Amino acid sequence: MQHKPANTGVKIHELIQKRWSPRAFDPDKPVSRDDLLALLEAARWAASCFNDQPWRFVVCDKATDEAAWQQAFGTLVEKNRQWAKNAPLLILSVAMGHFNHNGKPNRWAMYDTGAASASLCLQATALGLCVHQMGGFDADLAYEVFQLPANCQPMAMMAVGYQADIGQLDDEFKSAELAERRRAELNERFYAGQWGKGIE
């Protein structure tokens, strides 16, 4: 197994440090119902504007509904199919475009859906699972195959499962798995009081 804890500048919680997005998944180890429900429960308790909870998650479990899983898999771009074929779960995150309480446009829906997705990912890490979120999927096809309503935005397809040895991956993906994890320095993305004034 490839473990890649973040090389942080300051100490952070181990759960956040350990979370990363591998591509090697064990095709023979399904995610239990209890663990799946724990992932969704973690997402359910994310913060949201007006507590509107604008997120929706379409869960496709290969072990219990292979047809739905194949539909999700069919929306992926070819490069993602090469490795996501081994993930036991594919989960589509969706942001609803309007508030439930008044029907007005919700410009925070995507932000809040991202927060729910982050909670799901951290819960997965706590359970020994891995999540790889993908933007590389056909959103128009997702509308069709999942019969999504018009007033929503498909955000990401998430591959979820247990990590496997990188030996199952093509060389191109092996390089990515082995590469050092990097982030921009704090003062390049986080500002003190005004735009561009980096945190020291």
Side-chain angles (χ1 to χ4, degrees), residues 1-40 42-43 57-93 114 116-139 141-142 154-185 188-189:
M1 278 333 156
Q2 182 70 16
H3 298 288
K4 293 173 63 170
N7 184 19
T8 61
V10 297
K11 185 173 177 59
I12 62 174
H13 196 283
E14 180 185 10
L15 193 62
I16 302 170
Q17 189 176 21
K18 286 172 58 178
R19 187 222 61 80
W20 72 294
S21 306
R23 292 178 178 84
F25 287 92
D26 188 338
D28 300 318
K29 194 170 181 183
V31 176
S32 73
R33 179 73 174 173
D34 286 348
D35 284 352
L36 169 58
L37 292 178
L39 300 183
L40 304 182
F57 291 87
V58 182
V59 179
C60 303
D61 187 337
K62 195 173 189 179
T64 60
D65 189 348
E66 186 168 358
W69 186 95
Q70 289 292 349
Q71 285 186 318
F73 184 74
T75 69
L76 300 179
V77 299
E78 179 55 35
K79 190 169 184 179
N80 285 336
R81 290 184 192 184
Q82 292 175 35
W83 58 266
K85 63 187 178 185
N86 290 323
L89 291 179
L90 292 172
I91 303 177
L92 177 66
S93 64
S117 298
S119 291
L120 185 154
C121 291
L122 290 174
Q123 181 65 33
T125 301
L127 293 171
L129 292 160
C130 296
V131 181
H132 191 116
Q133 301 180 78
M134 297 170 276
F137 72 102
D138 186 332
L141 183 57
M155 299 304 301
M157 188 71 76
M158 296 182 278
V160 183
Y162 290 92
Q163 190 181 0
D165 189 274
I166 66 169
Q168 68 173 236
L169 298 173
D170 294 339
D171 289 342
E172 175 187 5
F173 298 123
K174 285 179 186 174
S175 297
E177 297 290 281
L178 294 170
E180 182 183 353
R181 296 178 63 194
R182 296 184 179 274
R183 292 293 188 274
E185 295 298 325
E188 295 177 34
R189 298 291 188 273

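Since this is a predicted model, take the numbers as computed values, not measurements.
Summarising the geometry, atom CG belonging to Leu122 is positioned 9.5 Å from atom NE2 belonging to His13; distances are rounded to the nearest 0.5 Å. For the atom pair Ser119 OG and Leu39 CG, the distance stands at 11.0 Å (nearest 0.5 Å). Interatomic distance, CD1 of Ile16 versus OG1 of Thr8, reported as 10.0 Å (0.5 Å rounding). For the atom pair Trp20 CH2 and Thr125 OG1, the distance stands at 11.0 Å (nearest 0.5 Å). Here the CG atom belonging to Asp65 is positioned 10.5 Å from the CD atom belonging to Gln70, to the nearest 0.5 angstrom. With rounding to the nearest 0.5 angstrom, the CD1 atom of Ile166 is 8.5 Å from the OG atom of Ser175.
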Report the C-alpha distance between Leu92 and Gln71 in whole Å, list the side-chain angles of each, state the deciding distance to 0.1 Å, and finish with yes or no for side-chain contact (heavy atoms from CB on, under 4.5 Å). CA-CA 11 Å; Leu92 177 66; Gln71 285 186 318; over 6 Å; no

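Side-chain N or O atoms of Trp69 include none that pairs as donor or acceptor with a backbone N or O of Ala63 at under 3.5 Å.
Applying the salt bridge (Lys or Arg N to Asp or Glu O under 4.0 Å) test to every pair with at least one member in residues 6-18, sequence neighbours left out, gives no pairs at all. Applying the salt bridge (Lys or Arg N to Asp or Glu O under 4.0 Å) test to residues at least two apart or on different chains, the pairs with a partner in residues 69-92 are Lys79-Glu172.
Nearest heavy-atom pair across Leu120 and Val131 is CD2-CG2, 4.1 Å. Considering every non-hydrogen atom in both Cys60 and Ala68, the closest pair reads SG-O, 3.5 Å. Contact record, Phe73 with Ala84: CE1-C, 4.1 Å, taken as the closest heavy-atom pair. The nearest pair of heavy atoms linking Leu141 to Asp138 is N-OD1, 2.9 Å. For the residue pair Arg19 and Arg183, the shortest heavy atom distance occurs at NH2-NH2, 3.7 Å. Smallest separation of non-hydrogen atoms from Ile91 and Phe57: CG2-CD2, 3.8 Å.
Between Tyr162 and Asp35, the closest side-chain pair of non-hydrogen atoms falls below 4.5 Å. Contact check for Gln133 versus Ser117: side-chain heavy atoms found under the 4.5 Å cut-off. Counting heavy atoms from C-beta outward, Met158 and Ser93 have side chains that approach closer than 4.5 Å. The closest side-chain heavy-atom distance from Asn80 to Phe137 is not below 4.5 Å. Looking at Phe173 and Gln168, their side chains never come closer than 4.5 Å, going by heavy atoms from C-beta outward.
Remark: Arg181 CZ is packed, more than 12 non-hydrogen atoms of other residues, nucleotides or ligands lying under 6.0 Å away.
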Distance-only donor-acceptor pairs under 3.5 Å for side chains of residues 22-31, two or more places apart:
| unit_1 | atom_1 | unit_2 | atom_2 | d |
| --- | --- | --- | --- | --- |
| Asp26 | OD1 | Asp28 | N | 2.9 |

